[in-house]
Amino acid sequence: MKTKISIACQGGGSHAAFTAGVFQVLFENDIQDKFEIVSLSGTSGGALGASLVWYAMKKGENPVETRLMDFWRENTAQTYQEKLFNDFSIKALELTSRGLLPQFNVSPASPVAQWWTAFATLGLRPNFTNFRELLEAHIDFEEIATWGVQTEPPILLLGASNILTGKLWLFNSSREPIQIEHILASCAIPNLFPAVEIGKDAYWDGIFSDNPPIMKLIDPKVMGIANIPQEIWVIKLNPTRRDSIPVEPNDILDRRNELEGNISLFQGLQAIEKTNDLLLRGAFKEDYLEELGIREPIKIPRSFIEKPDKPYYIPFIEMSSDIQKSLNYESKLDRSPGRIQQLIADGRKQGKAFLDARLQAISAT
């Protein structure tokens, strides 16, 4: 029997190019022959990667990773004008964060903001400046609508935040067909994109809810008993530790964003840790465990490296230390070829190291 796994993808804007590199190397090394991917979850940029991989798997495409890599190729600045626009935007944001340029707060839904965006992006490729058009070029949402609900693995979960009710929200492919609005909602950073309206509700970025969705991956009422994983692999974009105390305004903004991005992830992992510990202590009856579809602790990453070791810990799939230190809040919007290629290459490197370690650990047991 193949080990059942869920792959959860953290959000982080353009840093999610790292996730693309991870997926690329996993599928190049025939991950499906060694593991059964029962679910994929993601938030913001992680929702994007999870959705493209899910769609390719549902269509039976081979190689699975081609669609995801094509997306990032098109999402990267290509022409001279696009590179100039990208570099100018990132530099202006950095100077504003440092307090060297004034900040003007304008609603992204306002006509002024929309007019300025249209003017500033004049002459650039539509798919470079229009996220909806870019998504539609790589995912056929009309085709997905004809599939109906998808109860067979992999299940796709996308995290978002319901602005009006204040509830954390999940779009679940086993409950409803995935729509383009679901991905847009998960990626709707409030100061960059207007709220995404679906029916009578409105949504913002999933960073305010689950980043990425974790706890629901082990809920049989959400996933179905047959889709409960034995391991949860987390592709993590936000660094946990920092070497120094942030003092400058831009460093404070950067660290605050990292901490916000990790809060829900650590809370979800700690909840599973508690469930695992109770299970190991015999707190649940056998019939209840059968009902949950859980027969042994679910292997998960360790939230903090200094925590005592436990038999169910596995590593995160995360960036190398040097790459993490070179990134900041503004680089989450950077689509320069050098930055995207650097992140993809590191994703390949870290993904391969993780996969080799998992296969070695499984063969040793």
Side-chain angles (χ1 to χ4, degrees), residues 2-75 131 134-141 143-144 147 150 152-159 170-174 177-180 182-184 186-187 206 210-214 217 223 227 229 231-237 316-318 340 343-344 347-348 350-352 354-355 358:
K2 297 178 184 177
T3 300
K4 294 182 177 182
I5 65 169
S6 293
I7 302 179
C9 308
Q10 196 175 49
S14 294
H15 294 180
F18 173 85
T19 302
V22 172
F23 274 124
Q24 185 182 41
V25 79
L26 292 181
F27 285 109
E28 283 179 356
N29 284 271
D30 302 317
I31 183 179
Q32 291 166 289
D33 294 340
K34 305 172 180 72
F35 301 91
E36 181 184 0
I37 303 174
V38 293
S39 58
L40 295 157
S41 75
T43 291
S44 197
L48 175 66
S51 297
L52 285 160
V53 169
W54 173 82
Y55 181 60
M57 291 181 68
K58 285 294 182 180
K59 287 176 66 68
E61 293 179 347
N62 189 23
V64 172
E65 70 276 9
T66 298
R67 187 174 294 271
L68 178 59
M69 302 311 296
D70 287 346
F71 172 91
W72 277 103
R73 193 172 297 110
E74 193 167 2
N75 191 37
F131 188 42
L134 180 61
L135 280 175
E136 290 174 334
H138 293 273
I139 299 177
D140 187 341
F141 292 95
E143 178 186 21
I144 293 176
W147 295 351
Q150 297 290 297
E152 295 298 316
I155 306 299
L156 177 64
L157 296 183
L158 304 178
L170 284 177
F171 299 109
N172 183 344
S173 67
S174 69
I178 295 297
Q179 305 172 32
I180 189 171
H182 298 164
I183 302 175
L184 292 173
S186 186
C187 297
D210 290 326
N211 188 30
I214 292 288
L217 294 174
M223 309 303 299
N227 297 321
E231 299 188 8
I232 298 177
W233 297 2
V234 178
I235 303 177
K236 185 170 175 289
L237 303 183
F316 285 112
I317 308 175
E318 59 183 331
I340 298 301
L343 289 165
I344 290 174
R348 289 181 55 84
Q350 302 304 323
K352 184 63 165 61
F354 173 88
L355 182 59
R358 285 311 302 140

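Everything quoted here is computed from the prediction, not taken from an experiment. If you read the sequence from its start, that first residue is 1, and numbering goes on from there.
Heavy atoms only, all atoms of each residue included: L343 and S14 are closest at CD1-O, 3.5 Å. Looking at every heavy atom in both residues, L26 comes nearest to G351 through CD2-O, 4.1 Å. Of all non-hydrogen atoms in M223 and N227, the two that sit nearest each other are O-ND2, 2.9 Å. Closest of all the heavy-atom pairs between P154 and S173 is O-OG, 4.5 Å. When every heavy atom of A50 is checked against every heavy atom of L40, the shortest pair comes out as O-CD1, 3.8 Å. Of all non-hydrogen atoms in I178 and F141, the two that sit nearest each other are O-CD2, 3.9 Å.
A side-chain contact (heavy atoms from CB on, under 4.5 Å) with L156 is found for one member of S41, S39, S51 and no other, namely S51.
Annotation: ring pair (Phe, Tyr, Trp, His ring centres under 6.0 Å) contacts of W72 (sequence neighbours excluded): none. Residues passing the salt bridge (charged side-chain N to carboxylate O under 4.0 Å, His left out) test with D70 are R73, sequence neighbours excluded. In this view, E61 and R67 satisfy the salt bridge (charged side-chain N to carboxylate O under 4.0 Å, His left out) rule, not counting sequence neighbours.
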Check the pair W147, K59 against side chain to side chain contact (heavy atoms under 4.5 Å, CB included), reporting the backbone distance first and the verdict last. CA-CA 11 Å; W147 295 351; K59 287 176 66 68; 3.9 Å; yes
Hey, mind stepping through H138 and Y55 against side chain to side chain contact (heavy atoms under 4.5 Å, CB included) and telling me if it holds? CA-CA 10 Å; H138 293 273; Y55 181 60; over 6 Å; no
Go through the steps for K236 and E318 under the test salt bridge (Lys or Arg N to Asp or Glu O under 4.0 Å), then give the verdict. CA-CA 5 Å; K236 185 170 175 289; E318 59 183 331; 3.6 Å; yes
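Between the CD atom of Q24 and the CZ atom of R348 there is a distance of 4.5 Å, given to the nearest 0.5 Å. To the nearest 0.5 Å, atoms CG (L157) and OG (S6) are separated by 8.5 Å. A distance of 4.0 Å separates CD1 of I180 from CD of E136, quoted to the nearest 0.5 Å. To the nearest 0.5 Å, atom CD1 of residue I344 and atom CE of residue M69 are 4.0 Å apart. Separation of atoms CD1 (I144) and CD (Q179) is listed at 10.0 Å; rounding is to 0.5 Å. Rounding to the nearest 0.5 angstrom, the gap separating the CG atom in L355 from the CD1 atom in I317 is 8.5 Å.
In terms of modelled atom types and a separation under 3.5 Å, the side chain of N75 and the main chain of F71 share no donor-acceptor contact. Between the side chain of K34 and the backbone N or O of N29 there is at least one donor-acceptor pair closer than 3.5 Å.
The aromatic rings of F171 and H182 sit parallel, their planes meeting at an angle under 30°, below the 60° perpendicular limit.
Looking only at side-chain heavy atoms (C-beta outward), L48 and L135 come within less than 4.5 Å of each other. Inter-residue side-chain proximity for Q10 and S44 is flagged as unmet; no heavy-atom pair is nearer than 4.5 Å. Counting heavy atoms from C-beta outward, W54 and I139 have side chains that stay 4.5 Å or more apart. Inter-residue side-chain proximity for L68 and F27 is flagged as unmet; no heavy-atom pair is nearer than 4.5 Å. The shortest distance between side-chain heavy atoms of V64 and Q32 falls below 4.5 Å. Residues M57 and I37 form a side-chain contact, since some pair of their non-hydrogen atoms from C-beta on lies under 4.5 Å apart. Put simply, the side chain of S186 reaches to within 4.5 Å of the side chain of T43, judged on heavy atoms. Side-chain contact check for F354 versus V25: every heavy-atom pair is 4.5 Å or farther apart.
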